[in-house]
Number of protein chains: 2
Amino acid sequence: MTVTIYDVAREAKVSMATVSRVLNGNPNVKPETRKKVKEVIKRLNYRPNAIARGLASKKTTTVGVIIPDISNLYYSSLARGLDDIAEMYNYQTIITNTDNNPEKERDSFLNLVSKQVDGIVFLGGTINDETIEDIKSSNIPVVICGTSEKDANLPSVNIDYFKAIKEVASHLFDQGAKDVYFVKALYSEQLERHIEDGLKEAYSDYSLPFKEEYTEEVATHYHAGREVFDKLMDSQNVDVFITMSDEAAVGMLHGALDRGISFPNRLQLVSCSNTRLVHMMRPPVTSIAIPLYDIGAVGMRLLTKYMKDEPVDEPNVILPYTIEYRSSTK
Amino acid sequence: MTVTIYDVAREAKVSMATVSRVLNGNPNVKPETRKKVKEVIKRLNYRPNAIARGLASKKTTTVGVIIPDISNLYYSSLARGLDDIAEMYNYQTIITNTDNNPEKERDSFLNLVSKQVDGIVFLGGTINDETIEDIKSSNIPVVICGTSEKDANLPSVNIDYFKAIKEVASHLFDQGAKDVYFVKALYSEQLERHIEDGLKEAYSDYSLPFKEEYTEEVATHYHAGREVFDKLMDSQNVDVFITMSDEAAVGMLHGALDRGISFPNRLQLVSCSNTRLVHMMRPPVTSIAIPLYDIGAVGMRLLTKYMKDEPVDEPNVILPYTIEYRSSTK
DNA sequence: TTGAAAGCGCTAACAC
DNA sequence: GTGTTAGCGCTTTCAA
């Protein structure tokens, strides 16, 4: 059978409490006792049962991650940053995909809670109100990364999308652009709303007319990007496409290629995602360089503070971004 | 405090055993008792503690996933298939990244075992011998997806890379190619060795001279692909690049673009990964269409059989592949 | 059909 | 410094 703390105690001729102390690095153990116990642990190849430990201590060294789709580069980049820091603090992560489906999201959350995870991170995606209720009533540490929610009273890590998009738009307007389209990807409703708002304000600042159509399209993937491109190029006058999804940006690039449309003179393109795809486009695409990995990493670090009851000076972290101007814009 | 099975039992005026029976769908409960208990469960908003359950039943409805890098599209595609099926069977997944580091791999494995996961899946990547020892001695169900190990006595899901590469190479040789390079990505040593072997055999079948250089380069990402491209194009005579990594393929494509090299007349390109990137390249790239999602999904399904002690007729599943010829090859 | 009770393997007082 | 013991919240015999 599996070896338990009892077996170790017996072999080492001490009580299980002493073994437990050794296991948990409790200093109240005589060095030689410690040595003996460690020896037996090694000899018996004993590994503590984390489940029993969890039940007794109410700590599982496991955190839950709720994410729309791990196979999307945008989210998996966030996830990787998170996971690395989790590992550094000896946590493992249970990742659940929601596809932005509110029911799945809620299920995942409740499942994670019942698995007694020490904390939960929401990565990207939209968090619906019911889940927020669950969070509040669950009393479990939660951090939100790369997205936000209305009431903004949950700890979070983000960049200032509003400011970022205003900065980009201003640059574009300065160079003479008039019709700037933002194509959403439904990565996070709140976050994309910030972008829309930023764009609107930029229009207003420049006293340029804003049309609702500027922010109505959605393209989550390559083909959708291509379709939106064809549709708008056929029916509207477009100076610039700002895309949330990098994949959609590639689709647009290919659409332009096929029509012989040249960047940046006839058309300009800006990406907001900053996945590795950004470096794989031709022409090189101007983008808001969101520190995806860092958002995840900082989020996890923040969560560890809550899980360990360490003081937190700023629950809503805003990370810096940069804007990388490349040849897809003037 | 949190509500437990005791609270429900008390409120429903039954014993905790009965509540447990209701919880676990045990038929030996009078319908009205069941109804009453369910009512109380709902009223108290009771959710069983999965940790306590795990300790008592030795089942955690959690599976471990050991993967090189979740932010790599190749692996995350596998992971997504796996996760969807896991969810279907009510399992959640603990994902750990190893970066192909044997120590991390071993740590992850032992951690998962101590967390009493019901099963473990290795996705992509190389599995080192020590871990294999651990697997054997742990007695925990393990399935290997998208990679293999020497002794091949662990359940696995794969495609026949050996055959696939032979098929592609034969086509290329038929069209007159002589110098076919395979550029590895270290996704899985074993798997890439199968590819090398297949390529060698194709050379042999066609009585063409095989050079060691044909399989010596490695490119895991875009820039590496670009570098390998430049290096080989400068020093060797290359007819075809077969790349393991799609990102590397994009790098090569751009390298060719910059040098004004045209496909497929001067150079040909084949990808082996079949991530979404394949559909985002210009020119469209010929590729071995591995069913990544399905490999993960089938692997998880296989694992559920082992976890539920269902009969397994074929522990080593070989999934079909197709070869999609596109304009990057003749 | 139900209840009582013995664990599951560990942690954490508390006592010595 | 070390041992004893009472849980953690559930599942699962075993009896009734």
Side-chain angles (χ1 to χ4, degrees), chain A residues 1-38 40-41 44-62 110-111 113-118 138-140, chain B residues 1-38 40-41 44-62 110-111 113-118 138-140:
Chain A
M1 295 302 291
T2 58
V3 1
T4 73
I5 199 170
Y6 277 101
D7 303 318
V8 176
R10 188 174 1 88
E11 284 290 310
K13 299 188 177 58
V14 295
S15 74
M16 57 183 296
T18 300
V19 179
S20 178
R21 284 188 192 101
V22 172
L23 246 31
N24 295 293
N26 186 317
N28 293 333
V29 183
K30 216 194 322 183
E32 38 184 317
T33 313
R34 179 184 307 280
K35 185 159 167 267
K36 187 173 56 180
V37 171
K38 282 197 167 170
V40 174
I41 287 178
L44 299 188
N45 198 19
Y46 165 74
R47 294 222 119 216
N49 178 326
I51 295 293
R53 224 172 188 173
L55 186 58
S57 70
K58 311 215 161 283
K59 296 270 170 234
T60 54
T61 64
T62 305
L110 294 176
N111 259 324
V113 171
S114 81
K115 285 199 173 156
Q116 304 276 91
V117 293
D118 297 337
S138 77
N139 209 25
I140 189 174
Chain B
M1 293 308 289
T2 58
V3 359
T4 74
I5 199 171
Y6 275 100
D7 303 318
V8 176
R10 189 175 359 90
E11 285 289 312
K13 297 189 178 59
V14 296
S15 75
M16 56 183 297
T18 300
V19 179
S20 177
R21 285 188 191 98
V22 172
L23 244 32
N24 295 293
N26 185 319
N28 292 333
V29 181
K30 217 190 329 180
E32 38 184 315
T33 312
R34 179 185 305 280
K35 183 158 168 271
K36 187 173 59 179
V37 171
K38 282 197 167 171
V40 174
I41 287 178
L44 299 188
N45 198 20
Y46 166 71
R47 295 221 118 216
N49 178 325
I51 294 292
R53 226 171 184 174
L55 186 58
S57 69
K58 311 215 160 282
K59 296 268 170 239
T60 53
T61 63
T62 305
L110 295 176
N111 259 324
V113 171
S114 82
K115 285 197 173 158
Q116 305 277 93
V117 293
D118 297 338
S138 76
N139 208 26
I140 188 174

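Everything numeric here is computed off the predicted structure, so don't read it as measured data. Below, chain A is the first sequence line, B the second, and so on; all start at residue 1.
Counting to the nearest Å, the C1' atom of C:dT11 and the CD1 atom of A:Ile5 are 8 Å from each other. Distance OH (B:Tyr6) to C1' (D:dT11): 12 Å, rounded to an integer number of Å. Atoms CZ (B:Arg10) and P (D:dG9) sit 13 Å apart, rounded to a whole Å. Distance A:Leu23 CG to C:dC10 P: 8 Å, rounded to the nearest Å. In this entry the distance linking CG of B:Leu55 with P of C:dG7 reads 14 Å, nearest Å. Going from atom CG of A:Asn26 over to atom P of D:dG1 covers 10 Å, rounded to whole Å. A straight line from CG of B:Asn24 to P of D:dG9 spans 17 Å, rounded to a whole angstrom. Atom CG of A:Asp7 and atom C1' of C:dC8 are 14 Å apart (whole Å).
In this model, the phosphate group of C:dC10 is not approached by any side-chain N or O of A:Ser57 to a distance below 4.0 Å at OP1 or OP2. The phosphate of D:dG9 has OP1 or OP2 within less than 4.0 Å of a side-chain N or O from A:Lys58.
Contact annotation: the side chain of A:Val117 approaches that of A:Ile140 to within less than 4.5 Å [non-hydrogen atoms, C-beta and beyond].
The main-chain N or O of B:Asn26 is never found under 3.5 Å from a side-chain atom of B:Asn24 such that the two would form a donor-acceptor pair. Without hydrogens or angle criteria, A:Ser114 side chain to B:Arg47 main chain gives no donor-acceptor distance under 3.5 Å.
Nearest heavy-atom pair, A:Ile5 versus A:Leu23, reported as atom, atom and distance to 0.1 Å: CD1-CD2, 4.3 Å.
When each of B:Val8, B:Val40, B:Asp7 is paired with B:Val19, the side-chain contact (heavy atoms from CB on, under 4.5 Å) condition holds for B:Val8 and for no other.
The environment of A:Lys38 atom NZ is sparse: at most 12 non-hydrogen atoms of other residues, nucleotides or ligands sit within 6.0 angstrom.
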Taking N or O atoms only and anything under 3.5 Å, show me the protein contacts with nucleotides 1-3 of chain C, one pair per line.
{"residue": "C:dT2", "atom": "OP1", "partner": "B:Thr33", "partner atom": "OG1", "Å": "2.3"}
{"residue": "C:dT2", "atom": "OP2", "partner": "B:Lys30", "partner atom": "N", "Å": "2.7"}
{"residue": "C:dT2", "atom": "OP2", "partner": "B:Thr33", "partner atom": "OG1", "Å": "3.4"}
{"residue": "C:dG3", "atom": "OP2", "partner": "B:Ser15", "partner atom": "N", "Å": "2.8"}
{"residue": "C:dG3", "atom": "OP2", "partner": "B:Ser15", "partner atom": "OG", "Å": "3.2"}
{"residue": "C:dG3", "atom": "OP2", "partner": "B:Thr18", "partner atom": "OG1", "Å": "2.7"}
{"residue": "C:dG3", "atom": "N7", "partner": "B:Arg21", "partner atom": "NH1", "Å": "3.4"}
{"residue": "C:dG3", "atom": "N7", "partner": "B:Arg21", "partner atom": "NH2", "Å": "3.4"}
{"residue": "C:dG3", "atom": "O6", "partner": "B:Arg21", "partner atom": "NH2", "Å": "2.3"}

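Closest-nucleotide positions on DNA chain C for B:Ala52 and A:Arg53 were compared, and the one nearer the 5' end corresponds to B:Ala52.
The B:Asn49 side chain lies nearest to D:dC10 when the options are D:dC10, D:dC8, C:dT11.
No side-chain donor-acceptor contact under 3.5 Å links A:Thr62 and A:Lys115.
As judged by a 4.0 angstrom heavy-atom cut-off over every strand, A:Thr4 is placed among residues touching the sugar-phosphate backbone only.
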